[in-house]
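We count residues from 1, following the sequence as given. Note that the structure is a prediction, hence the values are computed from the model and not measured. Because only heavy atoms are used, hydrogens play no part in the values below, and waters and symmetry mates are left out as well, while side chains stay in.
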Amino acid sequence: MTGFIDSHAHLVDPAFDDDRDAVVSRLRDAGGRAVVCIGESIDAGERAAALSSAHAGFVFATAGVHPHDATSFDQTRDPDAIRELITRGAVAVGECGLDYHYDHSPRDAQRRAFAAQLALAKESDRPVVVHTREAEDDTQAMVVEAGLAGVRGVLHCYTGSEALAEAALGVGWYVSFSGIVTFKNWANDAVIRRVPDDRLLVESDSPYLAPVPNRGRRNEPAWVSFTVARVSAVRGVEPASLASTTARNAMRLFGLSLHSESNS
Ligand SMILES: [Zn+2]
Ligand SMILES: [Zn+2]
């Protein structure tokens, strides 16, 4: 099955240090058209920018600060660093958001860092990649407020409620599904069906969350094909059609101009 885009991969994670270029090649060989490489810290954003330059038109970078690290978010230094990465081509702000499951940073620090990055997304006219876990009410309030102010974004690796998805969709946002939807304990096909065709994305979130049949192994973008197969089965469409629909959505949300298309 060809033609998909991995809308969220941590390709600069140390898990890929030994074979990063081979992982990118395998995505091409598997029919992937592009991958969005997440900079979940300023340091990762720098490395994502370098990887994107090395694979121009195929690997696209983002820049932001993950909620786990919100406690060290500096309201001056970090937005400046993200702005700089945007001038170097970062296609989105993030991933940022709220994670009240792990609570690695105090919740008020998470909200401050998230609010600053939503403001930056508005200022720089870039979409925002949002991580949310067990923080539904606060995520909904902040996403809806930003959305009404004109900020667009995606709830990535979505495992939340239909109500939160609905609220985000209502302000023009996208929802992305990962390999979690292939797991035996996934029990929310309703939310997969709830997302309209033009707001649906797929992602690996690699190196984490390898889909069945590779669950437990290091994940990689090529395996988004298993997630496409599962999501298309739930929605009753052909995998190839879902691959191209979600690829179009990723291109629209992130403003991607792909190497293959720009050369043809
Ligand atoms: Zn995340
Ligand atoms: Zn992520």
Neighbour count >12 (heavy atoms, 6.0 Å) for atom CD, Glu145: no

Salt bridge check, [Y] against [X]: does any charged N sit closer than 4.0 Å to a carboxylate O?
X: Arg111; Y: Asp108; value: no
X: Asp19; Y: Arg218; value: yes
X: Lys122; Y: Asp125; value: no

When you measure from the side chain of [X] to the backbone N and O of [Y], does any donor-acceptor pair fall under 3.5 Å?
X: Arg126; Y: Ala90; value: yes
X: Gln117; Y: Val65; value: yes
X: Thr139; Y: Glu136; value: no
X: Ser105; Y: Thr71; value: yes
X: Ser52; Y: Val59; value: yes

Side chains of [X] and [Y]: donor-acceptor distance under 3.5 Å anywhere?
X: His101; Y: Glu134; answer: yes
X: Ser204; Y: Asn219; answer: no
X: Asp99; Y: His104; answer: no
X: Glu40; Y: His131; answer: no

Straight-line distance of [X] [atom1] to [Y] [atom2], nearest 0.5 Å:
X: Ile82; Y: Cys96; atom1: CD1; atom2: SG; answer: 7.5 Å
X: Leu120; Y: Ile86; atom1: CG; atom2: CD1; answer: 5.0 Å
X: Leu209; Y: Asn214; atom1: CG; atom2: CG; answer: 13.0 Å
X: Arg199; Y: Arg152; atom1: CZ; atom2: CZ; answer: 7.5 Å
X: Phe60; Y: Leu51; atom1: CZ; atom2: CG; answer: 12.0 Å
X: Asp17; Y: Arg47; atom1: CG; atom2: CZ; answer: 7.5 Å

Contact between Val151 and Trp173 at the side-chain level, heavy atoms closer than 4.5 Å - yes or no? yes

Dump the intermediate steps for salt bridge (charged side-chain N to carboxylate O under 4.0 Å, His left out) on Asp80 and Arg83, then the final yes or no. CA-CA 5 Å; Asp80 280 351; Arg83 277 186 199 99; 2.7 Å; yes

Between Asp189, Ile180, Val212, which is the residue that forms a side chain to side chain contact (heavy atoms under 4.5 Å, CB included) with Arg230? Asp189

Which of Asn188, Ile192, Val181, Leu242 passes side chain to side chain contact (heavy atoms under 4.5 Å, CB included) with Val234? It is Ile192

